[in-house]
Amino acid sequence: MTTTRTVPVAVSDLVARVTGDEKHDPSAHSTLDVVWVLYDQVLRVFPDDPEHPERDRFLLSKGHGPASTYAVLAAKGFFPAAWLDDVASWYSPLGHHPDRTLVPGIEIGSGSLGHGLPIAVGMALGLRDRSRARVVVLVGDAELDEGSNAEAIAVAGRFGLDNLTCVVVDNHSDNLGWPGGIAARFALEGWQASDVGTHDHAALAAALRGTAPDRPTAVVVDVPGTDPEEGR
């Protein structure tokens, strides 16, 4: 029987400590289940050694809403939870967009739509054949309107990047859409693609762990009830 789990209350409380950018709260909250399941059940990471060469790489392309990622990193011990109380202050390492040079566990500076997946493709290419590390990038559905992502999807499929996973948080804010749905867009370019709901943590973890030989993986996570104007 499939079971449904929720994000621990302690982690939700950590998210609530991040204030000052309420405009992007829905964007951040829509990623919480995914980021928690990744760090709690899927990714091979080392909080005491964030630059460990064999770590899995998690890239938050949706960096304009980093509150959930900050909370999960704090919960997992990458940095003190007290950092969450003064995000974007003069002396805080935590900004409204994450900075990889300041925040342990952050792999890229991000927030501008359409950059994370192309960077992830390059990173996966660089790691292939010399590391067993995975590259997992989280994008919003509206980012797929960007031409840079269309090219990255095609290139990753042609190179058969089986160490790359793209997680699409689908807030239904995409202006253009895709015939057959987002997963079909990736499958057309040679990806293994699946759909899953955000609150079914067992199914979400299974989808995020799944890979296929000689092809990248896309996991489209449906997030119902998000304001389209704020969710992207």
Given Val223, Val72, Val221, Thr69, the one that forms side-chain contact (heavy atoms from CB on, under 4.5 Å) with Val34:
Val221
When rounded to the nearest 0.5 angstrom, what distance separates CZ in Phe186 from OG in Ser194?
11.0 Å
Would Arg55 and Glu107 pass as an ion pair if we require N to O under 4.0 Å?
yes
Can you give me the closest heavy-atom contact between Gly116 and Leu59, atom names plus distance?
O-CD2, 4.0 Å
Compare all side-chain heavy atoms of Val11 with those of Val7 and state whether any distance is below 4.5 angstrom.
yes
Mind checking whether Tyr70 and Pro98 have side chains closer than 4.5 Å, heavy atoms only?
yes
If every non-hydrogen atom of Ala82 is compared with every non-hydrogen atom of Asp86, which pair is closest and at what distance?
O-OD1, 4.2 Å
If every non-hydrogen atom of Ala67 is compared with every non-hydrogen atom of Val18, which pair is closest and at what distance?
CB-CG1, 3.8 Å
Atom CZ in Arg185, atom CD1 in Ile153: separation rounded to 0.5 Å?
4.5 Å
Any chain of hydrophobic side-chain contacts (each under 4.5 Å) joining Leu32 to Trp83?
yes
Might you point out which heavy atoms bring Val15 and Ala71 nearest each other, and give the distance in Å?
CG2-CB, 3.4 Å
Distance (rounded to the nearest 0.5 Å) between Asp170 CG and Ile182 CD1:
4.0 Å
Partner of Lys62 under side-chain contact (heavy atoms from CB on, under 4.5 Å), chosen from Val35, Val139, Leu138:
Leu138
Could you walk me through whether Cys166 and Trp191 pass the side chain to side chain contact (heavy atoms under 4.5 Å, CB included) check?
CA-CA 10 Å; Cys166 180; Trp191 292 57; 3.7 Å; yes
Indicate yes or no: does Arg17 engage Asp85 in a salt bridge with an N to O separation below 4.0 Å.
yes
Would you name the heavy atoms of Ala74 and Ala81 that are closest together and state the gap between them?
CB-CA, 4.1 Å
Same cluster for Leu43 and Leu161 if Ile/Leu/Val/Met/Phe/Trp/Tyr side chains link at under 4.5 Å?
no
Looking only at heavy atoms, what is the nearest atom pair of Gly114 and Ser148, with distance?
O-OG, 2.7 Å
Just so I know, are the side chains of Asp33 and His201 near enough to count as touching, which here means a heavy-atom distance under 4.5 Å?
yes
Rounded to the nearest 0.5 Å, how far apart are OG of Ser131 and CE of Met123?
11.5 Å
Rounded to the nearest 0.5 Å, the CZ atom of Phe78 sits from the CD1 atom of Ile106 at a distance of 9.5 Å
Counting distance only, does the side-chain N/O of Asp222 pair as donor-acceptor with the main-chain N or O of Gly197 below 3.5 Å?
no
Under the side chain to side chain contact (heavy atoms under 4.5 Å, CB included) rule, what do Arg134 and Arg44 come out as? Steps first, then yes or no, please.
CA-CA 9 Å; Arg134 294 179 62 191; Arg44 183 170 181 260; over 6 Å; no
Do Glu143 and Ser61 have side chains that get closer than 4.5 Å, going by heavy atoms?
yes
What I'd like to find out is whether the side chain of Leu125 reaches to under 4.5 Å of the side chain of Arg128, using heavy atoms alone.
yes
Between Lys76 and Asp40, does the salt bridge (charged side-chain N to carboxylate O under 4.0 Å, His left out) criterion hold? Intermediate values first, please.
CA-CA 8 Å; Lys76 290 299 182 180; Asp40 192 53; 2.8 Å; yes
Treating Ile, Leu, Val, Met, Phe, Trp and Tyr as nodes and any side-chain heavy-atom pair under 4.5 angstrom as an edge, say whether Leu102 and Leu73 lie in one connected cluster.
yes
Consider side-chain contact (heavy atoms from CB on, under 4.5 Å). Of Leu117, Leu60, Val168, Thr165, which one does Val137 pass it with?
Leu117
For residues Val196 and Phe58: do they belong to one hydrophobic cluster (side chain heavy atoms under 4.5 Å, members Ile, Leu, Val, Met, Phe, Trp, Tyr)?
yes
Answer whether the closest heavy-atom distance between the side chains of Leu164 and Thr217 falls below 4.5 Å.
no
Do the side-chain N and O atoms of Gln192 and Thr211 include a donor-acceptor pair separated by under 3.5 angstrom?
no
Quick one, Leu127 with Asn163, criterion side chain to side chain contact (heavy atoms under 4.5 Å, CB included). Give me CA distance, side-chain angles, the key distance, then yes/no.
CA-CA 8 Å; Leu127 289 169; Asn163 58 343; 4.1 Å; yes
Does any non-hydrogen side-chain atom of His64 lie less than 4.5 Å from one of Leu113?
yes
Should Trp36 and Ser12 count as side-chain neighbours, where that means a heavy-atom distance under 4.5 Å?
no
Rounded to the nearest 0.5 Å, the OG atom of Ser110 sits from the CD1 atom of Ile119 at a distance of 8.0 Å
Main-chain N/O of Ala203 paired to Asp200 side chain as donor or acceptor, under 3.5 Å:
yes
Evaluate the side chain to side chain contact (heavy atoms under 4.5 Å, CB included) criterion for residues Glu146 and His115: first the C-alpha distance (whole Å), next the side-chain angles of each, then the deciding distance (0.1 Å), finally the verdict.
CA-CA 9 Å; Glu146 303 290 338; His115 290 172; over 6 Å; no
Same cluster or not: Val136 versus Val121, using hydrophobic residues (I, L, V, M, F, W, Y) connected whenever any side-chain heavy atoms lie under 4.5 Å apart?
no
